[in-house]
Amino acid sequence: MLQVHSPNFNERLFPLDMLVLHYTGMKDGPSALEKMRDPASNVSAHYMVEEDGRVFSLVAEDKRAWQAGRSWWRGDEDLNSRSIGIEIVNGGHEFGLPPFPDIQIAAVIELCQGILSRWPIPQARIVAHSDIAPERKEDPGERFPWKRLADTGIGLWPPDKSPVEPWMMHGAAKGDKGITVDGLREALAGIGYKVERTGEFDEPLAAVVRAFQRRWRPMVVTGQGDVETVARAFAVAQLTQAADLQR
Ligand SMILES: [Zn+2]
């Protein structure tokens, strides 16, 4: 662990109970580090993980780093106050979504496991930046290996095949109304996303569906509620509910 100081933090206003993962979305690690250490940038994170697996600590875990921005999850809004943020060095969508090297992911996993051993962070509160700000953010992106993290106890992951129930059978497309759209909304809300509970399949819902797909159905990021997406959203909602009951 390499200690580098960022001045961009203040005191938490709420108890720490979330973990937020990001990609840096810049040309390289040093540029991201420089930005997060610049007092004029007003951004930071607790950690940055380089492509070669080196971990930089910028802000102490008990302080409030400035990484989540305007965001929402399960009814909470000041997510900087509640979360630890990890920036993972990766060019992101702007640089053609390069793959995350294995050595980098191994370092992310070890770092997350340490954090989860120190703080009471429920599985359903381990999120992507895109989960908590679907209309603004796409990181860490659909190439981030969430399943590999879940295999080591970091975050929820449903079985490969999600059961298809009769109400899901036609899927839900933009402009649709009815039980499949309502069921999809309920499922996404149950996972923690900010969605209106009624109405037609509009652009805000499509943005949430894209965020869901980046996280749990990364082969198909369309913003459309095809049958597999609806079934998978329902499966993750059920896992979320089960994880809540276990606490
Ligand atoms: Zn981010």
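In listed order, ligands and their atoms are each counted from 1. In this text, all values refer to a predicted model and were calculated from it rather than measured experimentally.
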Do Glu142 and His93 have side-chain atoms, one donor and one acceptor, less than 3.5 Å apart?
yes
Just by distance, with hydrogens left out, do Ser6 and Arg37 show a side-chain donor and acceptor under 3.5 Å apart?
no
If I consider every N, O or S atom in [X], which one ends up closest to the Zn ion (ligand 1)? I only need its name.
X	value
Asp139	OD2
His22	ND1
His129	ND1

Please evaluate residues Lys63 and Ile84 with respect to the criterion side-chain contact (heavy atoms from CB on, under 4.5 Å), reporting the C-alpha separation (whole Å), side-chain torsions for both, the decisive distance (0.1 Å), and the verdict.
CA-CA 9 Å; Lys63 300 298 183 196; Ile84 285 180; over 6 Å; no
Pick from Leu19, Asp76, Val20: which one makes a side-chain contact (heavy atoms from CB on, under 4.5 Å) with Arg125?
Asp76
